[in-house]
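Worksheet for the structure shown next.
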Amino acid sequence: MGSHNGVVGDEENPHNGIRIQPVLSTPMAEQWKSEGGKKMNVTMGEKLGLNELFCPQVWRASLAELLGTALLVFLIDTIVISSIQTQTKTPNLIMSIVVAITISILLIATFPVSGGHINPVITFSAALLGLISFSRAAVYFLAQCLGGVLGALALKAVVNSGIEQTFSLGGCTLSIIEPGPKGPITIGLQTDQALWIEAICTFILLFASVWIAFDERQAKVHGPVVVCSIIGLVLGLLVFVSSTMTATKGYAGAGMNPARCLGPALIRGGHLWDGHWVFWAGPAIACTAFYLYIKIIPNHHFKGQEQKHDFLNILSHSFK
């Protein structure tokens, strides 16, 4: 849930008064100016932050993304399986509440190191807005996807084959195949419906909660614990809504995290690949829409715009 200053801005060390700069920090656009106030000539490599590809600090920060995403996949998929296995009358409600708590804890644990993304959606949005460079985003993407795979592997190692087959490792599904009177039948949600749900839910996540982390003023006012809790709460709510609104067996609800969907798909395979692109295309559409929204609204409504890695700035630079 990173912002351009490590989610909620720099923190002060109470022991010596030194301000700690989180590893996610990315300089603002004004830092492209020299001491005399004149604009500096900036290369495309600097705009993309290519130097960060060789920065040990960035790769160390990515370890938090890898571990955080691995734990996210393992815990969330375990929650999905456990909620249904308990045979309670309201599995979706219980699942959503536990998911909200889990997400909040993982965000609080990872934000001091990497900014607390553990989701390609957050990373991509931050890169579009210029809060982080596209090079750092690429490193985080790699770590998150690898973490998703490791989380799915860990889950596969602790569940029996029956549960693995029945729940598809708790992965993101649009449909399932069940035996019918005349042979196997496919039960689930249509691809176009799932794409709309994925895009809308992801946009709501960005608009209603991640916005607070990206906006420097709100992040500093609320503090990291509150910001992380709000994001977890909104995610839990969206999990509940998306998994119950269609009342369709076989549809697992909105993923809102491509890395979480990728891990089980790579490890379990099979029908998890059916419509898997939806769990990437939907968030990509939402991130683009959120970026355009931020660029359209008046500047004073969002403190943190015009970062040096902003997508439109890079695009305009490429045509000069």
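Count residues from 1 along the sequence. Side chains included, hydrogens not; waters and symmetry mates left out as well; all remaining heavy atoms used.
The nearest pair of heavy atoms linking E65 to A143 is CB-CB, 4.1 Å. The two residues S114 and A61 come nearest to each other via the heavy atoms CB-O, 3.3 Å. Of all heavy-atom pairs between S243 and N92, the closest is O-ND2, 3.4 Å. Contact between A127 and F134 at its shortest, heavy atoms only, is O-CE1, 3.5 Å. Residues C145 and W280 come closest through the heavy atom pair SG-CH2, 4.0 Å. Shortest non-hydrogen contact noted between N257 and P120 is OD1-CD, 3.3 Å.
The main-chain N or O of T173 is never found under 3.5 Å from a side-chain atom of D274 such that the two would form a donor-acceptor pair. A side-chain donor-acceptor contact under 3.5 Å links S96 to the backbone of F240. Between the W59 side chain and the L53 main chain, a donor and an acceptor come within less than 3.5 Å of each other. Between the E198 side chain and the G255 main chain, a donor and an acceptor come within less than 3.5 Å of each other. Using modelled atom types, no side-chain atom of T69 and backbone atom of G147 make a donor-acceptor pair closer than 3.5 Å.
Counting only heavy atoms from C-beta outward, the side chains of H117 and I132 approach each other to under 4.5 Å. For the pair L107 and I118, the minimum side-chain heavy-atom distance is below 4.5 Å. Using a 4.5 Å cut-off on side-chain heavy atoms (C-beta onward), N119 and P258 make contact. In this structure the side chain of D77 reaches within 4.5 angstrom of the side chain of P264, judged on heavy atoms. The closest side-chain heavy-atom distance from M256 to V121 is not below 4.5 Å. Annotation: side chain of L237 is in contact with side chain of V241 (closest heavy-atom distance under 4.5 Å). R260 is listed as a side-chain neighbour of C172, based on a closest heavy-atom distance under 4.5 Å. Two residues are said to be in side-chain contact when any heavy atoms from C-beta on lie closer than 4.5 Å; I197 and L189 meet this criterion.
With values rounded to the nearest 0.5 angstrom, I103 atom CD1 is found 4.5 Å from L72 atom CG. Once rounded to the nearest 0.5 Å, the distance linking OG1 of T90 with CE of M95 reads 10.5 Å. Separating the CG atom in L106 from the CG atom in L71 is a distance of 6.0 Å, to the nearest 0.5 Å. Rounded to the nearest 0.5 angstrom, L266 CG and C261 SG are separated by 11.5 Å. Taken from OG1 in T202 to CG in L206, the straight-line distance is 7.0 Å, to the nearest 0.5 Å.
For the side chain to side chain contact (heavy atoms under 4.5 Å, CB included) with C228, the lone residue among L233, I105, I108, T110 that qualifies is I108. Residue I79 is tested with T102, I101, I94 for a side chain to side chain contact (heavy atoms under 4.5 Å, CB included); the sole match is T102.
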Between Y140 and I122, does a side chain to side chain contact (heavy atoms under 4.5 Å, CB included) hold up when you go through it step by step?
CA-CA 10 Å; Y140 279 13; I122 311 302; over 6 Å; no
Verdict with supporting geometry, F214 and I294, side chain to side chain contact (heavy atoms under 4.5 Å, CB included)
CA-CA 11 Å; F214 284 172; I294 293 294; over 6 Å; no
Between V139 and S135, is the side chain to side chain contact (heavy atoms under 4.5 Å, CB included) condition met? List the steps.
CA-CA 7 Å; V139 175; S135 296; 5.9 Å; no
Could you go step by step and tell me if S125 and Y291 meet the side chain to side chain contact (heavy atoms under 4.5 Å, CB included) rule?
CA-CA 7 Å; S125 292; Y291 173 71; over 6 Å; no
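Hydrophobic clustering places F124 together with L142 (ILVMFWY residues linked when any side-chain heavy atoms are closer than 4.5 Å, directly or through intermediates). Placement of L63 and F54 in two distinct hydrophobic clusters is found when ILVMFWY residues are connected by side-chain heavy-atom separations under 4.5 Å, directly or transitively. Cluster annotation: V73 is not connected to L153 through the hydrophobic network of ILVMFWY side chains, with a link wherever side-chain heavy atoms come within less than 4.5 Å. Cluster membership for I81 and L272, using ILVMFWY side-chain heavy atoms within less than 4.5 angstrom, is not shared. Linking Ile, Leu, Val, Met, Phe, Trp and Tyr residues whenever their side-chain heavy atoms come within less than 4.5 Å places I204 and V239 in a single cluster.
Taking the six-membered ring for Trp, F207 and F290 have ring centres at least 6.0 Å apart.
Within a 6.0 Å radius of CH2 in W196, no more than 12 heavy atoms belonging to other residues, nucleotides or ligands are found.
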